[in-house]
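Along the sequence shown, residues carry numbers from 1. In this text, all values refer to a predicted model and were calculated from it rather than measured experimentally. Quick note: numbers below take in every heavy atom, side chains included, and nothing from hydrogens, waters or symmetry partners.
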Amino acid sequence: MLSVICYPMGFDHHLLPFSSVCVRCIFRLFGVSEYDDSCPLLKASTLLSLLEEQRNIPNAISENGSIANDLTQCPYDPHASGNEQPYCSVCLGILQFTNGHDQDLRTCESNSVSVLTSAITEILKKEAHQIDGFSIEISLPPVVSANDRAIWLYMKGRYASEEWFIGKLLSQQISVKDALRSLVTTSLESCLGVKSSSSSFRIRLTYIHEEASSKLQCSMQKFHGFKRRKTETNCKERMVDDLCGKNETISGEFHRCDSDAVVHCTLNAMQDDAFSELFMLPPEKTNNGCKLTISCYRLPVYIGGRYLKFSRRVSQSRWMIEDERMGEASVEVRMLGSGRPFLVEVSNARVMPSMVNIQEIADKINNSNDKYVTVRNLKLVGSEAWNLLREGEAEKQKQYAAVVWISRPLTEVDFNKISSIKNLDILQKTPVRVLHRRSPMDRKKIIHWMMVDKIVGTSQHFLLHLCTQAGTYIKEFVHGDLGRTHPSLGSILGCRAEILQLDVTDVKMDCFD
């Protein structure tokens with residue numbers, strides 16, 4: 001497909017402003033949605049017949065009444081200097097597929113979509129991605145939308161009275177992004193042998209054009225100047241000239257440019273007359289094309305389940321102190337019962353794991369010789385599992401079994417007092433043992449119920465079963481943490497109390513059951 005078309009002598013003067021516009025953009029502008037993209041050259045008769053068929057544009061006839069000579073290709077020359085390159089003034093080379101890239105698409109003499117497809121395929125092979133579908137993400141600089149609008153307003157001024165143009169809207173025009181997506185998707189589906197869908201595997205095409213974007217930023221600054229000081233035109237123009245001077249550095253304030261979304265919003269809100277004063281109609285020629293970055297990645301894969309911890313030497317999680325790996329204080333707490341829900345996020349997985357793979361992971365963990373940890377109900381879950389876990393953290397109840405020692409013998413009165421407690425409100429300051437890594441604050445928690453089992457052969461030791469609100473510090477509830485938890489089991493019994501062993505026996509959450 002040719003990059004830019006050159007018009008022979010005698011060609012319809014109405015189309016002369018499109019001499020710096022690529023054929024694909026001409027098709028977009030005149031509403032032609034289907035054409036043979038594989039055609040390396042475009043004849044005048046082919047272009048005009050398509051345009052005439054779609055929009056009833058008059059034939060380009062020379063003075064002697066004959067069809068103009070064949071259009072010739074102005075090919076992209078990878079060896080030509082930058083100021084000689086015929087880039088499209090609307091799409092900035094995007095639909096010409098002559099964009100610079102890490103693998104340098106410019107080294108290919110063809111301006112076909114297959115060049116881009118080949119580059120994407122090489123990345124997939126290099127990064128060892130295995131896919132059964134893909135979704136394309138495209139990021140274009142806002143200046144492309146501005147160029148689309150500029151050429152459209154020019155056409156509106158030129159063809160407003162033409163029957164084929166009356167009632168047409170810019171929003172009805174095929175956008176550069178949609179045209180690019182259509183071309184690339186069709187080519188990739190054929191090359192990769194998989195279909196485009198709402199797949200978790202993403203192919204992202206990011207285009208940038210620093211020079212054109214800088215000019216657009218200056219125009220945006222100028223537009224804001226119009227809004228602020230409509231009656232001070234000369235002052236405003238000097239300010240913009242200072243910002244956009246050829247040999248001057250754009251100010252720090254100007255460097256804090258609006259995001260693309262804000263720029264798009266500003267352009268959309270701008271009236272046509274204001275836009276026409278700020279931008280050249282049609283867009284000026286350019287000697288530089290967009291730069292392209294291709295990235296391929298898979299959205300995070302989530303594996304959820306429940307784990308049980310049988311060892312008092314394995315920490316639930318790890319944390320570092322002065323570059324030394326340390327286990328947290330819960331290292332000696334076992335996780336029993338139905339297990340604790342957990343979620344693993346796998347970033348940019350090269351292969352989408354199957355249920356067979358998940359079961360193999362579970363078997364490997366459960367068949368470990370150490371038997372410190374086992375997992376159950378391991379399965380692939382959606383990203384909504386994060387919300388379920390967060391909600392559960394706030395709402396869940398946990399049950400414990402603790403071996404407790406008190407400084408005097410346990411009496412029947414003590415037994416009945418403990419067992420009668422229901423939904424006890426307590427206030428806990430951040431425990432002394434975790435103050436080095438937790439914010440000092442007061443936490444209100446609830447002890448839902450408690451039960452006591454006596455231990456044969458001792459009157460000062462007993463087994464305490466309790467159910468609490470999530471986030472309750474159990475050890476501190478037992479011994480009081482120097483009065484920082486109140487009431488505590490020690491204050492309730494009126495004696496010293498210490499916890500000797502602690503196990504989590506159940507986590508009440510509707511996750512991964």
Exercise for the section: Please report the shortest heavy-atom distance between L216 and A146, naming the atom on each side. Expected result: CD1-CB, 4.2 Å
Fill in the blank from the handout: residues 292-310 vs salt bridge (Lys or Arg N to Asp or Glu O under 4.0 Å), sequence neighbours excluded, gives R306-D513
Handout entry: Within-4.5 Å side-chain heavy-atom neighbours: N366 and K371
Key = no
Completion exercise
Sorted by chain and number, sequence neighbours left out, side-chain hydrogen bond (donor to acceptor under 3.5 Å, both in side chains) with Q130 holds for none
Practice task
Just grab all the side chain to side chain donor-acceptor pair (under 3.5 Å) pairs involving residues 374-384, residues at least two apart or on different chains.
Solution key: none
Practice task
Could you walk me through whether V176 and R28 pass side chain to side chain contact (heavy atoms under 4.5 Å, CB included), step by step?
Solution key: CA-CA 8 Å; V176 173; R28 291 191 308 105; 3.3 Å; yes
Exercise for the section: Could you tell me whether the side chain of V331 reaches within less than 4.5 Å of the side chain of V314, counting heavy atoms only? Expected result: no
Practice task
Establish, from distance only, whether the side-chain atoms of S145 and D148 form a donor-acceptor pair under 3.5 Å.
Solution key: no
Handout entry: Atom pair CD1 (I203) and CG (L124), whose distance is rounded to the nearest 0.5 Å
Key = 5.5 Å
Practice task
Of all the heavy-atom pairs spanning M355 and L378, show the shortest one and how long it is.
Solution key: CE-O, 4.1 Å
Handout entry: Interatomic distance, Y154 atom OH to Y159 atom OH [nearest 0.5 angstrom]
Key = 7.0 Å
Practice task
Mind jotting down which residue pairs meet the salt bridge (Lys or Arg N to Asp or Glu O under 4.0 Å) criterion with at least one end in residues 343-352? Sequence neighbours excluded, please.
Solution key: none
Practice task
Test F275 against Q271 for side chain to side chain contact (heavy atoms under 4.5 Å, CB included), laying out the working first.
Solution key: CA-CA 6 Å; F275 184 93; Q271 297 297 317; over 6 Å; no
Exercise for the section: Give a yes or no on whether a salt bridge exists between D272 and R149, defined as a side-chain N under 4.0 angstrom from a carboxylate O. Expected result: yes
Handout entry: Test item: side-chain donor near acceptor, D506 and S338, under 3.5 Å
Key = yes
Practice task
Evaluate the side-chain proximity of I131 to S199: yes if any heavy-atom separation is below 4.5 Å, no if none is.
Solution key: no
Handout entry: Pair listing, salt bridge (Lys or Arg N to Asp or Glu O under 4.0 Å) test, anchored in residues 134-144, at least two apart
Key = E137-R202, E137-R204
Practice task
Evaluate whether atom CD of Q172 has more than 12 neighbouring non-hydrogen atoms of other residues, nucleotides or ligands under 6.0 angstrom away.
Solution key: yes
Problem - Separation between CH2 of W152 and NZ of K156, rounded to the nearest 0.5 Å - result: 9.0 Å
Problem - Those residues that, when tested against E284, pass side-chain hydrogen bond (donor to acceptor under 3.5 Å, both in side chains) (two or more places apart) - result: K215
Practice task
For the residue pair S135 and F201, establish whether any side-chain heavy-atom pair is separated by less than 4.5 Å.
Solution key: no
Handout entry: pair V346-P300: side-chain heavy atoms closer than 4.5 Å
Key = no
Problem - Donor-acceptor side-chain pairing of S20 and S89 below 3.5 angstrom - result: yes
Exercise for the section: May I ask you to test the L92-C290 pair for a side-chain heavy-atom distance under 4.5 Å? Expected result: yes
Exercise for the section: Report the residue from L205, L188, I94 that forms a side chain to side chain contact (heavy atoms under 4.5 Å, CB included) with L116. Expected result: L205
Exercise for the section: Kindly indicate whether the side chain of V381, heavy atoms from C-beta on, has any atom under 4.5 Å from the side chain of I303. Expected result: no
Exercise for the section: Could you tell me whether K125 atom NZ has more than 12 heavy atoms of other residues or ligands within 6.0 Å of it? Expected result: no
Practice task
Given side chain to side chain contact (heavy atoms under 4.5 Å, CB included), test K398 with K396 step by step and report yes or no.
Solution key: CA-CA 7 Å; K398 295 175 72 173; K396 72 184 179 185; 3.8 Å; yes
Practice task
Please determine which of V184, D178, L183 meets the side chain to side chain contact (heavy atoms under 4.5 Å, CB included) test together with L180.
Solution key: V184
Problem - N147 side chain near I151 side chain, heavy-atom distance below 4.5 Å - result: no
Practice task
Drop me the distance from N268's CG to H264's NE2, to the nearest 0.5 angstrom.
Solution key: 8.0 Å
Exercise for the section: Please lay out, stage by stage, how L267 and F279 fare under the test side chain to side chain contact (heavy atoms under 4.5 Å, CB included). Expected result: CA-CA 11 Å; L267 288 172; F279 295 91; 4.1 Å; yes
Exercise for the section: Take T117 and S187 through the side-chain hydrogen bond (donor to acceptor under 3.5 Å, both in side chains) test and state the conclusion after the steps. Expected result: CA-CA 7 Å; T117 302; S187 181; 2.6 Å; yes
Practice task
Would you please test S276 and D273 for side-chain hydrogen bond (donor to acceptor under 3.5 Å, both in side chains) and show each step?
Solution key: CA-CA 5 Å; S276 299; D273 56 348; over 6 Å; no
Problem - Shortest non-hydrogen contact from L389 toward M509 - result: O-CE, 3.9 Å
Problem - Distance (rounded to the nearest 0.5 Å) between H209 NE2 and L140 CG - result: 12.5 Å
Handout entry: Spacing of CZ belonging to F134 relative to NZ belonging to K195, to within rounding of 0.5 Å
Key = 9.0 Å
